Amino acid sequence: MKTLIAKLRQEHHLDAEEYKALLLCRDVDALIYLQEQAREVALGQFGNRVFIRGLIEISNRCRNNCYYCGIRKENKNVARYELTQEDILNCCRKGYALGFRTFVLQGGETPAAKDDGMVETVSSIRQEFPDCAITLSLGEKSREAYERFFRAGANRYLLRHETHNEEHYRHLHPSGMSIKQRLQCLTWLKEIGYQTGTGIMVGSPGQSVDHLVEDILFIERFQPEMIGIGPFIPHHDTPFATAPPGSMEMTLKLLSIFRLMHPGVLLPSTTALATLSPDGRERGILAGANVVMPNLSPRNQREKYTLYDNKASLGAEAAEGLQQLEEKLAAIGYRISKERGDYNSG
Ligand code: SAM
């Protein structure tokens, strides 16, 4: 197994059977080796710096009904909210003062009628914070909308493909949503010039190791600048309420594989990982991740953006808890970087 891991580090590629063997591997020594290799590569690329992104959850209104998501349209038990442009700018101001130089605006998927407002919001952030990166994560939009957001000043876009397998995609999403459309959106985003992020939930209901291999091979081909992966965690008001959560071990394994496959990629240690276990964030960094995304949303709205149960948004997961995050990272030999942290293709 170590030969395979060394090969992945050297060649950044394995074939499907080899990836599968790695995903199924339970040999503790080999898994420690995998993490060590991934960590070495991340240290070579970024030193011991971890980039921070201020996550602003701009709205929990969503027109979609993804079976796994707590803010799905049909969940009538969520109090809906939508931040105004001024609310969002205030979050950015607070974040800027704390040292954030990337703002991630994430929200449920809204109809095209809301696109004009989004263009205005992005323009005003761009004007007030010319030295900051603006990342959007607003789901599937028309090519024209993506172009308008880009021209207004957005630099990066996160859109997880969730699963590359068509049947599995249908198991996770109602009809009306398709992997074909999602991949089309991802292609547009890349063509337009966004630093583009995709990714999956680990352990989503119905996911098999073969699906994961398909996801890895897709990501290898697509070469995103960012890869967002975190464990699936059930939400009590969704059709998958009783499904088991994804595993820490598999998530860490995938983080390491992605680091070896794509050395320079921006790879967050996600909130879902920190929710799964109190040391999840640090374990993600030690497995090769190099980004964390503390929550910059207004405190009184955070609990309404419940994608899954018990979602962490306080302490080291909160923008105002940066000191705590700093200490936790220092304990494992890392430090926060307050740079913009763009993808470095060189
Ligand atoms: N609407 C945008 C979109 O679809 O990309 C952005 C918001 S969406 C809620 C952000 C991500 O949350 C999704 O890509 C999904 O992977 C993740 N997510 C949703 N429900 C989850 C759950 N139950 N467990 C873990 N992650 C979840």
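Scope of the values below: all heavy atoms of this structure, side chains included, with no hydrogens, waters or symmetry mates. Numbering of ligands and ligand atoms starts at 1, following listing order. As the structure is a computational prediction, the values presented were derived from the model and not from experiment.
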Which bit of [X] gets closer than 4.0 Å to ligand 1, counting heavy atoms only: side chain, backbone, both or neither?
X	value
His235	neither
Ser137	both
Pro231	backbone

Worked verdict on Ser277 versus Asp279 for side-chain hydrogen bond (donor to acceptor under 3.5 Å, both in side chains): CA-CA 5 Å; Ser277 160; Asp279 60 353; 2.5 Å; yes

Ligand-side contact atoms (ligand 1) for residue partner Arg160, heavy atom cut-off under 4.0 Å: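 This gives 14 (O), 15 (C), 16 (O), 17 (C) as the contact atoms.
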
contact_flag Tyr305 ligand 1 heavy-atom lt 4.0 Å: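 In this structure, Tyr305 qualifies as a contact of ligand 1 - some heavy atom is under 4.0 Å.
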
Polar side-chain atom of Tyr146 near backbone of Lys141 as donor-acceptor pair, under 3.5 Å: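 Checked: pair present.
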
Between [X] and [Y], does any side-chain donor sit less than 3.5 Å from a side-chain acceptor?
X	Y	answer
Arg93	Asn90	yes
Asn295	Glu57	yes
Lys7	Gln10	no

Hey, looking at [atom], which of [options] has the closest heavy atom?
atom	options	value
atom 6 (C) of ligand 1	Ser59, Gly230, Gly107	Gly107
atom 10 (C) of ligand 1	Glu140, Gln106, Met201, Arg182	Gln106
atom 5 (O) of ligand 1	Leu159, Ile58, Ile71, Leu172	Leu159

Chi angles and distances behind the side-chain contact (heavy atoms from CB on, under 4.5 Å) call for Arg101, Glu339: CA-CA 6 Å; Arg101 293 297 177 267; Glu339 293 158 84; over 6 Å; no

side-chain hydrogen bond (donor to acceptor under 3.5 Å, both in side chains) contacts in which one or both residues fall within residues 218-228, not counting sequence neighbours: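 Matches after skipping sequence neighbours: His13-Glu220, Tyr19-Glu220.
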
Contact list for residues 21-39, test side-chain hydrogen bond (donor to acceptor under 3.5 Å, both in side chains), sequence neighbours left out: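 Output for this query lists Arg9-Gln37.
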
Closest protein heavy atom (residue, atom, distance) for [atom]:
atom	result
atom 15 (C) of ligand 1	Glu162 OE2, 3.4 Å
atom 3 (C) of ligand 1	Gly139 CA, 3.8 Å
atom 24 (N) of ligand 1	Ile233 N, 3.0 Å
atom 9 (C) of ligand 1	Leu307 CD2, 3.4 Å

Verdict with reasoning, His173 to Tyr68, per side-chain hydrogen bond (donor to acceptor under 3.5 Å, both in side chains): CA-CA 8 Å; His173 303 94; Tyr68 46 82; 2.8 Å; yes

Protein heavy atom under 4.0 Å of atom 21 (C) of ligand 1: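 True for atom 21 (C) of ligand 1.
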
